[in-house]
There are 2 protein chains.
Amino acid sequence: MTIVQFHMDDQQVVDNSQLAQKLRNAGLRPTRQRTALAELLFKKGDRHVSAECLFEDAKKAQIVISLATVYNTLNQFSEAGLLRTISIDSTRVYFDTKTGDHHHFFLEDSEQLVDMPEGCVRVENLPDAPPGTEVSRVDVIVRVRSTK
Amino acid sequence: MTIVQFHMDDQQVVDNSQLAQKLRNAGLRPTRQRTALAELLFKKGDRHVSAECLFEDAKKAQIVISLATVYNTLNQFSEAGLLRTISIDSTRVYFDTKTGDHHHFFLEDSEQLVDMPEGCVRVENLPDAPPGTEVSRVDVIVRVRSTK
DNA sequence: ATTTGTGCAAATCGTTTGCATCTGA
DNA sequence: TCAGATGCAAACGATTTGCACAAAT
């Protein structure tokens with residue numbers, strides 16, 4: 001029932017020196033809180049978090065950090081390409097630790113995002129992009145809700 | 001440069017008595033401001049508006065209305081099925097006057113939505129919805145930005 | 001030592017709500 | 001008449017920002 005997915009581009013991070021390196025590669029100094037958040041984000045495999053929810057996770061993990069820093073860090077990470085942002089629900093931004101090409105289920109009841117396996121969806125018959133523009137990304141979001 | 005599209009299900013509204021009827025059918029009293037907004041929304045063919053931008057339109061059209069009422073009215077219209085809401089950009093909700101099954105281009109530069117012709121896109125190979133859920137809608141958003 | 005990050009609180013921005021007043025059927 | 005609409009201003013919630021302080025290199 002559980003779908004397990006691995007991606008070579010988002011290599012599984014297991015120890016903290018790899019994390020620090022990942023941050024450095026992205027041009028970010030591996031500070032205490034950045035490393036701590038990176039640990040929460042990238043050690044557990046694919047995640048879809050909101051700032052608020054990562055902030056809660058951090059609290060539970062005894063990490064001392066302010067909500068503003070969580071926001072700033074998430075934004076830095078996604079600018080650096082470590083995360084991808086998704087906005088589905090206008091009230092919240094989700095950050096996806098999986099940056100490769102893939103699409104999502106959105107569980108309307110629980111407001112959660114679930115990855116679809118990479119490469120499985122094919123979108124056909126797309127009209128041409130409007131003149132003077134080029135496609136930067138195609139997002140497919142399948143909204144689902146519990147039956148009954 | 002301009003793409004014009006017509007759809008039979010969202011019938012073109014041309015006079016105000018039809019508008020009033022459309023509102024009544026939706027269970028909404030055709031009050032001054034509702035009719036005025038409906039006029040802006042449904043007389044011009046397909047539109048994608050934010051509350052703020054419709055509010056501006058209303059001002060230009062000398063309609064006396066408050067921003068809160070624009071919000072309330074847009075929400076009522078979409079609950080009544082007269083509009084469809086789309087959230088792409090987490091900072092703004094778009095209301096689409098075309099309620100049929102269709103998808104969108106999102107022009108990242110100008111933050112505008114453009115309809116794709118109905119029925120042209122085909123999404124294949126969708127994985128099954130997670131257990132216990134059913135698909136309520138599939139959204140395809142093609143983000144484009146100006147070349148160079 | 002210098003640059004860069006962090007925490008906090010205040011600011012912002014889109015959106016919603018409470019309530020007194022008005023209006024359409 | 002009177003339920004239902006409207007306007008306003010205040011409330012809200014997610015996110016950003018300004019600034020003094022702290023930590024990395």
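Residue numbers start from 1 in every chain, and the chains themselves are labelled A, B, ... in the order their sequence lines are given, proteins ahead of strands. Just so it is clear, the model here is predicted, and its values are computed rather than measured. What you see below is based on every heavy atom in this structure, not just the backbone, and it leaves out hydrogens, waters and symmetry mates.
Salt bridge annotation for B:D57-B:R47: present, with a cationic side-chain nitrogen under 4.0 angstrom from a carboxylate oxygen. With salt bridges taken as basic N to acidic carboxylate O contacts below 4.0 Å, one links B:R137 and B:D139. Looking at A:R143 and A:D89, no side-chain N of the basic residue comes within less than 4.0 Å of a carboxylate O on the acidic one, giving no salt bridge.
Across the protein-nucleic acid pair, B:R24 atom CZ and D:dG4 atom P stand 16 Å apart, rounded to whole Å. Going from atom CG of B:L28 over to atom C1' of D:dA3 covers 15 Å, rounded to whole Å. Across the protein-nucleic acid pair, A:F55 atom CZ and D:dG13 atom P stand 16 Å apart, rounded to whole Å. A:D89 places its CG atom 12 Å from the P atom of C:dT15, with the value rounded to the nearest Å. In this structure, A:Y71 places its OH atom 16 Å from C1' of C:dG7, rounding to the nearest Å. The OH atom of A:Y94 sits 12 Å away from the C1' atom of D:dA14 (whole-angstrom rounding). In this structure, A:L67 atom CG and C:dT6 atom C1' are separated by 13 Å, rounded to whole Å. If you measure from atom CG of B:L23 to atom C1' of D:dG4, you get 15 Å, rounded to the nearest angstrom.
When distances run from any side-chain atom of B:N75 to the nucleotides D:dT6, C:dT16, C:dG5, the shortest one goes to C:dT16. Distances from the side chain of B:R29 to the nucleotides C:dT6, C:dA25, C:dT16 place C:dA25 closest. Of the candidate nucleotides D:dT17, D:dT15, D:dG7, D:dT17 has the atom nearest to the side chain of A:A68. Side-chain proximity of A:N72 to C:dT16, D:dT17, D:dT25: nearest is D:dT17. For B:R32, whose side chain is taken as the heavy atoms from C-beta onward, the closest listed nucleotide among D:dT15, C:dG7, C:dG24 is C:dG24. Side-chain proximity of B:R34 to C:dT15, D:dT6, D:dG7: nearest is D:dT6. When each of C:dG7, D:dT25, D:dT15 is scored by its nearest atom to the side-chain atoms of A:V93, the top-ranked nucleotide is D:dT15.
Using a 4.0 Å cut-off, no side-chain N or O of A:S90 falls inside it from OP1 or OP2 of C:dG14. An OP1 or OP2 oxygen of D:dA23 is reached within less than 4.0 angstrom by no side-chain nitrogen or oxygen of A:Q33.
Counting non-hydrogen atoms under 4.0 angstrom, B:V70 reaches nothing in the nucleic acid.
With hydrogens and angles ignored, the 3.5 Å screen pairs no side-chain donor or acceptor of A:T85 with any backbone N or O of A:F95.
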